[in-house]
Asks: 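Got a structure here, written out as structure tokens. Questions coming.
Letters A, B, ... mirror the listed sequences (proteins, then strands); counts begin at 1.
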2 protein chains.
Amino acid sequence: MDRRSRTKSAEGSYHHGALREALLVAAEGLIGEQGLEGFTLRECARRAGVSHGAPAHHFGDLRGLLSAFTAQSFETLDALTTRYREAAEPEPYAQLVASGVAYLDYALANRARFQLMFRSDRIDFGYPPLHAAATRVHDHLRQCVVAVLTGEARQPEDLPDAAVLARTTQAWSFVHGFATLYLDNGLFASQVGGTPARARSAYVALMLGMRDTFEGDPD
Amino acid sequence: MDRRSRTKSAEGSYHHGALREALLVAAEGLIGEQGLEGFTLRECARRAGVSHGAPAHHFGDLRGLLSAFTAQSFETLDALTTRYREAAEPEPYAQLVASGVAYLDYALANRARFQLMFRSDRIDFGYPPLHAAATRVHDHLRQCVVAVLTGEARQPEDLPDAAVLARTTQAWSFVHGFATLYLDNGLFASQVGGTPARARSAYVALMLGMRDTFEGDPD
DNA sequence: CCTTTATGTAGACATTGTCTAGTTCCAGGA
DNA sequence: TCCTGGAACTAGACAATGTCTACATAAAGG
């Protein structure tokens with residue numbers, strides 16, 4: 001049970017056929033079990049059933065593999081956010097909260113993987129697919145903020161950029177800090193209730209308490 | 001210029017005399033230059049002018065050294081927060097903002113060192129001095145939140161714990177997310193203005209906008 | 001004074017990421 | 001169909017790291 005399935009080729013064939021995908025799958029398992037620090041390029045290759053030099057042909061180096069892996073993470077988060085928003089009320093603020101809950105749920109369900117998404121020392125945001133996917137996730141937040149600000153009285157076109165930026169910054173900082181602290185600070189985690197479900201409802205409650213902050217004062 | 005100063009002993013003496021402190025100093029320089037990922041126990045020993053096995057006698061292993069180092073980080077942040085609060089208006093909300101600004105300033109001025117403070121995979125919060133110092137920093141925030149909530153109409157004793165916890169969670173999540181994202185997310189950094197000074201004022205502005213959130217609604 | 005114990009050294013070991021040289025095999029032009 | 005170029009993979013080398021063990025030195029205290 002050591003050799004993994006080789007979809008396109010026979011079991012013992014020299015060429016794998018779909019090594020790139022296999023390595024990304026192996027990476028997911030490995031990072032889920034061992035965490036980010038226990039992650040190893042060689043162990044990843046071992047799980048995919050190839051030699052330790054093979055990954056270089058597809059990803060260049062370790063940073064390349066992690067960057068490609070993280071691009072997938074952002075894509076998944078993007079899709080999750082879309083689903084959460086569709087399931088939520090169309091009302092602007094509900095959409096903003098739904099985006100935040102998606103962000104939080106993803107982080108809590110994929111600890112090490114989420115942490116890697118913001119480790120600029122191990123991934124390369126210059127990698128186009130990664131940059132693109134990360135931007136899409138960011139756009140969800142921004143769109144929601146714009147909708148909340150627009151919903152009141154104004155037209156979208158005369159929305160001051162500064163206002164949108166400020167609210168996006170606020171919303172993003174809050175979810176990100178909440179998720180991050182929950183994941184690697186025991187003090188925070190216990191303070192928030194311990195279980196992911198409690199954390200989730202604590203987050204939602206605080207977001208509802210901040211509603212006026214997002215909808216209010218124009219400048 | 002390889003051997004570092006050995007305060008208590010002669011230059012070429014076998015025993016260092018103050019290796020523990022020397023290693024922590026070396027660690028500070030190393031982590032400041034190379035970042036957290038470039039940090040190495042052996043290089044740290046090299047800078048202190050001792051063999052690679054020497055640190056084990058004082059810290060056990062790498063995790064032990066980083067834990068002791070991070071305890072100092074929290075102590076420094078604690079002291080910085082005290083100074084910022086003393087320099088600020090005594091009014092409760094100004095105190096809360098001052099605590100946040102201290103947190104943010106420390107993070108921006110000590111990037112890698114700050115990041116290490118929340119890397120539970122590399123430090124051990126069970127190390128008593130670390131746990132104690134971290135708790136002291138947390139208490140600053142909590143004290144400020146209590147003061148803000150008390151200042152209104154109530155006595156401190158009938159402050160619902162849940163309200164204090166919720167506001168502390170909110171304030172902490174926000175600063176922490178803000179600082180963290182600024183440090184390792186280019187999108188966020190540029191959105192907030194690029195320079196630390198702009199980031200600082202953006203943070204303060206948002207905190208002032210959230211004032212009602214902290215002082216308002218009892219439950 | 002002498003022995004115990006803390007402090008440092010030196011070398012071994014397994015493991016890691018990357019490089020290089022050599023294999024295997026697929027694909028596309030003659 | 002053959003054959004040839006290049007992509008995919010293997011195997012071994014290399015320097016570097018964290019930790020372990022055996023040993024050397026010195027300081028402290030009976």
Asks: Rounded to the nearest Å, what distance is computed from the CG atom of residue Leu30(B) to the P atom of nucleotide dA16(D)?
Replies: 15 Å
Asks: Take the protein atom CZ of Arg46(B) and the nucleotide atom P of dA10(C), then report the distance between them rounded to whole Å.
Replies: 14 Å
Asks: Can you measure Arg63(A) atom CZ to dG17(C) atom C1' for me and round it to whole angstrom units?
Replies: 13 Å
Asks: Is a donor from one side chain sitting under 3.5 angstrom from an acceptor on the other, for Thr81(B) and Ser99(B)?
Replies: no
Asks: Among dT17(D), dG8(C), dC9(D), which is the nearest nucleotide to the side chain of Leu19(A)?
Replies: dC9(D)
Asks: Quickly work out the Leu41(B) CG to dG18(D) C1' distance and round it to whole Å.
Replies: 7 Å
Asks: For Leu23(B) and dT7(C), give me the distance from atom CG to atom C1', rounded to whole Å.
Replies: 12 Å
Asks: Could you state the NE2-P distance from His52(A) to dC19(C), rounded to the nearest angstrom?
Replies: 12 Å
Asks: DNA chain D: Gly53(B) or Ala54(A), which has the more 5' nearest nucleotide?
Replies: Ala54(A)
Asks: Could you check whether His58(A) gets within reach of a base, just the sugar-phosphate, or nothing at all, counting any heavy atom under 4.0 Å?
Replies: sugar-phosphate
Asks: Kindly indicate whether the side chain of Arg42(B) and the base of dT19(D) share any N or O donor-acceptor pair separated by less than 3.5 Å?
Replies: yes
Asks: For the pair made of NE2 in His57(B) and P in dT19(D), what is the distance, rounded to whole Å?
Replies: 14 Å
Asks: Could you check whether Ser51(B) gets within reach of a base, just the sugar-phosphate, or nothing at all, counting any heavy atom under 4.0 Å?
Replies: base
Asks: Taking atom types as modelled and ignoring hydrogens, do the side chains of Thr169(B) and Gln191(A) form a donor-acceptor contact shorter than 3.5 angstrom?
Replies: yes
Asks: Are His138(A) and Phe188(B) close enough that their ring centers fall under 6.0 Å?
Replies: no
Asks: Can you see which heavy atom on Leu116(B) is nearest to which on Phe69(B), and at what distance?
Replies: CD2-CD2, 3.8 Å
Asks: Provide, to the nearest angstrom, the distance between the CD atom belonging to Glu43(A) and the C1' atom belonging to dT16(C).
Replies: 12 Å
